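Data first, discussion second: the structure below is written as C-alpha cells.
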Number of protein chains: 2
Amino acid sequence: MRGRKIKNMEEFATVSGISRPTVSKYFNDPESVRATTRARIEAALDKYDYRPNVFAMNQNRRLTKIVGIVVPYLADPFFGEIARNVEQSCIAEGLSPILFSSHGDPAYEAAILDSLRGLKPAGVLLAPLGRSSDRSVVERFCDEVPTVLFDSYIDDIGEDFVGSNNDQSIGMIVEYLCRTGEPPCLFEMETPSNPNSNKRRAAYVKAMESHGHAVNVVKAPGLGWDFEEIGCREGGRAIAEGRFATNTILCSNDRLAIGLLAAAYQRGLRVGRGSGHALRIAGHDDHPFARYTCPPLTTVSQDYTAISKKSVAALLERIEGGEEAGERRSILVEGKLVMRDSA
Amino acid sequence: MRGRKIKNMEEFATVSGISRPTVSKYFNDPESVRATTRARIEAALDKYDYRPNVFAMNQNRRLTKIVGIVVPYLADPFFGEIARNVEQSCIAEGLSPILFSSHGDPAYEAAILDSLRGLKPAGVLLAPLGRSSDRSVVERFCDEVPTVLFDSYIDDIGEDFVGSNNDQSIGMIVEYLCRTGEPPCLFEMETPSNPNSNKRRAAYVKAMESHGHAVNVVKAPGLGWDFEEIGCREGGRAIAEGRFATNTILCSNDRLAIGLLAAAYQRGLRVGRGSGHALRIAGHDDHPFARYTCPPLTTVSQDYTAISKKSVAALLERIEGGEEAGERRSILVEGKLVMRDSA
DNA sequence: ACAAAAACTTTACGCGCGGAAACTTTTTGT
DNA sequence: ACAAAAAGTTTCCGCGCGTAAAGTTTTTGT
C-alpha cells in the first residue's frame, strides 16, 4: 500500500477500475466475483491503503459477519484456550469474532447478550454460566439469533449443543480408578455453577453402581468461580473430618482438584498411586495447569480443538441453513484418560 | 419495555416527546441534557424497547466510545484478571470495551491493531507482546490512536505506560531472601518475550550487588508462552546439572516458578524454608494460582486493581486531553511481598 | 458461431444517525 | 423582572455503504 489513502469505496472503485457495486460484492465475498475482477481488485488493494468502513458496511446488512463468543469466565485458562481455538476457527471461515466474558455474573451475561443483539451477529457461540444464567434472557436471545451452546448446557435452549460426553469420560475414569485401587469418592460443589457437574455426578453414580461399589459424594459449600479456593478449604475440611470413605477422590473438575491437592499437601498427605501414598486424586478437563501440579494430575482430557471446531461447524450450518430450524442436536466429544501421577 | 418495538431514533423521539437531535445528545452523553428532559427520555426508554443502532451511531462520529483492550495471551489467568478489571473500569466510565488477545503471535497482534483502526476507537489499552512485537506497527498505531501501554513496555512507544515497579519489587524480595537464607539465584528465560524480564534481571543484579553477593543468573532456552513447560523442563535440567549456585531461586515470574516447583517435586526435592528443605523458590506477580502450588508460592503481588484503574485513568486523561500530547508518563505500581511457604 | 447465462456497469435510493445553523423556549443570575 | 445564557426545536445535509433495477458486456456451452 504505497499509494495515497483512499477515503471510501467509491474512490477505491475508481482507482481499481471496477464499479463500486462490484467492489462491494467483492468485500462481502471475494469468491462471488470473477477471477479476473478479483485479481484487479486485489492488485489495487495491494497498491492503495483502503479498508471498507466497518460501521457503514454493517449498517444496512440484515446480517453481519460478526460472531459473538461468550464465555463465563475468562480468567479460567480453560476458557482462554477454548476462546482462542474458536476465534481462529471463525477467522478461517471469514467471520469476525468478538470475545466476551460474563465474569461469572448472570447480570453481566444478560447485558452481553443484550448488547450483542445490537450488533446483528450472524451467530453466537455461547458457553453460558449455566445454573445461574437468567434462563428467560438466554432463551429469548436464542430465539432471535442463531446460537450454539458449548461446554455448558441449559435444557431446551439454543439450537445445538457441543460439549464433552460426561457419561463416557466419567465412566472411563471411574473404571480406571476402581481397577487400580480403592473405588473413588466424588468431590464436587454443593451448588455447582456449571451444569456439567450434575451430569458428572449422575455418571459417577451410574458407573459406581455398575461396578457394584457404594456411592460416596462429598459436597463442598461455596459460591462463585473461585474453585481452587473452595476445593482447598472445603476439601481440606472434608479430609480432616474423615468424610471421604476411601483413599481415592475424583473431583468434578480440575480446578477443584488443584485446590484439593493443595489441601492434601498442607496436611502432609502424600498423593499418588502405590505404597507410601495416602491419597489418590483425579480430576476432569485436563486443565492447562494440570500437568504442573504436585504431583501432576491424573484427569480426563477434553479435546479443546475438537469442541471448538465442532461448535463453529455447527454454527455455520445453522447460519447457512437459515430459518428451517431442524432438530436440536447434541454433539458430544469423547474424553481421553490422561494418566499422570496423582491417581 | 412493554410497548411496541421502536425502529429508529426518529420514532423514539416522537413517542418520548423530545426532538431527535436532543435525544441524540442524550445517548451521546446523558449528562448533557437537562434533568427534566433526561427524565422524560428515560421514562420513554423504560416504556419502549429501543436502542440506538450501534453502526449508524459510530459511522459519523469522529470518535467513538469504543476502547480496545489488547492482551498478549488470554489463556494466562493473569491477563484474564487484568482484562476483567480494565473492562469494568471502562464500563463504569461509559465506554464500550472490546477485548482482544494476541495469542502470543506478533502477526496476530498486528492484525488486531490494524482492524482496531477501523473501529475508530476513542483509545486503546495495549499490553504488547513486547520483544516480539512488530515495533513499527505498534509505533504507527500509537501515533494514530491514544494508547496506554500496560504491563509490558516498549521503549518510546505509546503515550503512557502503567506497570509494576520492578526495581522496587525485585529489590524487596531479594532483600527478603538474602536476609532469611542463602542469597537467590535468578531463573529466567533466555529470550524472554516479556520485557519486564530484562528490567527484573537488572533489578536483581543491582540488588545483589548492593548486598555484596555474587550474581547467579540461570537462563532457560525456549520460545513462546508456555512458561510452565519451559520452567519445568529447563529448570529441572539446571537443577540436575547443579547450575544453581545457592539453594534459593528467584524466578522471573510465577509461571516459571510453577514449572520449577513441578520439576523440584519430580526430583523429590522438598521446597520451603527451614531445615528439612532442599530448595527455596520464589516468584513474581502473585499469579492467581500461586496460592495453590505445593508448597504455596512466595512471590511479589502486583496490584491488579491498581494497574487496571491507573491504566484506564491515564487513558481517559489522554482522550480528554486531546492532541496536546504532553509528557510521556511512566506510572509504576509498587509490589507487595507475599510470604507463603516456598521461600 | 450463436444463444443463454453469468458477470459487470450505471443509476438511484435509503439506512439511521451525527452534526451544523438558525430560531424559539426555558432557566439562570442579579 | 429583565437580559443573558443555556437548552431545546426545526430543518437540512451528508456519512459510506448495501442493494435493487435495468441495461451492457463477457463468458460459457454446444
Side-chain angles (χ1 to χ4, degrees), chain A residues 4-45 48-66 94 96 115 117-122, chain B residues 4-45 48-66 94 96 115 117-122:
Chain A
R4 69 181 194 287
K5 298 263 175 187
I6 303 289
K7 67 172 216 279
N8 60 23
M9 196 181 280
E10 191 74 56
E11 203 174 311
F12 178 74
T14 306
V15 300
S16 65
I18 306 286
S19 71
R20 191 181 67 74
T22 303
V23 171
S24 171
K25 257 189 89 182
Y26 168 84
F27 281 112
N28 275 323
D29 176 12
E31 300 297 315
S32 69
V33 302
R34 213 183 288 148
T36 54
T37 311
R38 187 161 56 242
R40 290 171 67 191
I41 292 176
E42 279 163 2
L45 220 41
Y48 298 93
D49 184 16
Y50 169 71
R51 306 188 46 152
N53 180 306
V54 186
F55 302 111
M57 270 183 66
N58 290 309
Q59 174 167 16
N60 298 322
R61 245 208 284 259
R62 14 185 112 271
L63 228 56
T64 66
K65 290 191 186 302
I66 293 170
S96 304
S115 71
R117 282 191 307 159
L119 293 178
K120 294 185 273 186
Chain B
R4 69 180 195 286
K5 297 262 175 190
I6 304 288
K7 66 171 220 278
N8 59 25
M9 197 181 279
E10 192 73 55
E11 203 174 310
F12 177 74
T14 307
V15 300
S16 65
I18 306 285
S19 71
R20 192 184 64 73
T22 303
V23 171
S24 172
K25 260 189 84 182
Y26 168 84
F27 281 113
N28 275 323
D29 177 11
E31 299 298 315
S32 68
V33 303
R34 213 183 291 148
T36 55
T37 312
R38 189 161 55 241
R40 289 170 67 189
I41 293 177
E42 279 163 1
L45 220 42
Y48 299 93
D49 185 15
Y50 169 71
R51 307 188 44 152
N53 181 307
V54 186
F55 302 112
M57 268 183 65
N58 291 311
Q59 172 166 13
N60 297 323
R61 242 208 284 260
R62 6 183 134 271
L63 229 56
T64 66
K65 290 192 186 302
I66 293 171
S96 305
S115 70
R117 281 191 308 159
L119 294 178
K120 294 184 274 186

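Every value quoted in this text rests on a predicted model; they were computed, and no experiment measured them. We name chains A, B, ... by the order of the sequence lines, and we start the count at 1 in each one.
- With A:R38 contributing its side chain and A:V33 its backbone, the two residues share a donor-acceptor pair below 3.5 Å.
- Put simply, the residue from B:E31, B:R40, B:E42 that forms a side chain to side chain donor-acceptor pair (under 3.5 Å) with B:Y26 is B:E42.
- B:F27 has its CZ atom 9 Å from the P atom of C:dC17, to the nearest Å.
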All N/O contacts under 3.5 Å from nucleotides 4-6 of chain C to the protein, with atom names and distances to one decimal?
none

Check step by step if side chain to side chain contact (heavy atoms under 4.5 Å, CB included) holds for B:Y48 and B:E11. CA-CA 11 Å; B:Y48 299 93; B:E11 203 174 310; over 6 Å; no
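- With values rounded to the nearest 0.5 angstrom, A:N58 atom CG is found 7.5 Å from A:S96 atom OG.
- Residue A:T22 places no side-chain N or O under 4.0 Å from the OP1 or OP2 atom of C:dC8.
- If B:T36 and A:A35 are placed on DNA chain C by their nearest nucleotide, the residue sitting closer to the 5' end is A:A35.
- In this structure, A:F12 and A:Y50 have parallel ring planes: the angle between them is below the 30° cut-off, well short of the 60° mark.
- The distance between atom CD1 of A:I18 and atom C1' of C:dA7, rounded to the nearest whole Å, is 11 Å.
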Return the polar atom pairs (N/O with N/O) between nucleotides 12-16 of chain D and the protein under 3.5 Å, or none.
unit_1	atom_1	unit_2	atom_2	d
D:dG14	N2	B:N60	ND2	2.6
D:dC15	O2	B:N60	OD1	2.7
D:dC15	O2	B:N60	ND2	2.7
D:dG16	O4'	B:Q59	NE2	3.3
D:dG16	N2	A:Q59	OE1	3.4
D:dG16	N2	A:N60	ND2	3.4
D:dG16	N3	B:Q59	NE2	3.1

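- Using bins of under 30°, 30° to 60° and over 60° for the plane-to-plane angle, the ring pair B:F55/A:F55 lands in the tilted bin.
- Atom NZ of A:K120 and atom CG of B:N53 lie 5.0 Å apart (nearest 0.5 Å).
- Rounded to an integer number of Å, the gap from A:E11 CD to D:dC17 P is 10 Å.
- If you measure from atom CZ of A:F55 to atom P of C:dG18, you get 12 Å, rounded to the nearest angstrom.
- Look at B:T37 and you won't find any side-chain N or O under 4.0 angstrom from OP1 or OP2 of D:dA7.
- Taking atom CD on A:E31 and atom C1' on C:dA7, their separation rounds to 15 Å, with Å as the unit.
- With sequence neighbours excluded, the residues forming a side chain to side chain donor-acceptor pair (under 3.5 Å) with A:S19 are A:T22, listed by chain and number.
- Atom pair A:Y26:OH and D:dT19:P shows a separation of 18 Å (rounding to whole Å applied).
- Across all strands shown, D:dT30 forms a Watson-Crick or G-U wobble pair, both distances under 3.5 Å, with C:dA1.
- For the pair B:K65 NZ and C:dC17 P, the interatomic distance rounds to 16 Å; values are reported in whole Å.
- Interatomic distance, B:I18 CD1 to B:R34 CZ, rounded to the nearest 0.5 Å: 9.0 Å.
- Between B:N58 atom CG and C:dC15 atom C1' the separation is 15 Å, expressed in whole Å.
- For the OP1/OP2 pair of C:dG18 and a distance below 4.0 Å, the side-chain nitrogens and oxygens of B:S24 include at least one atom meeting the criterion.
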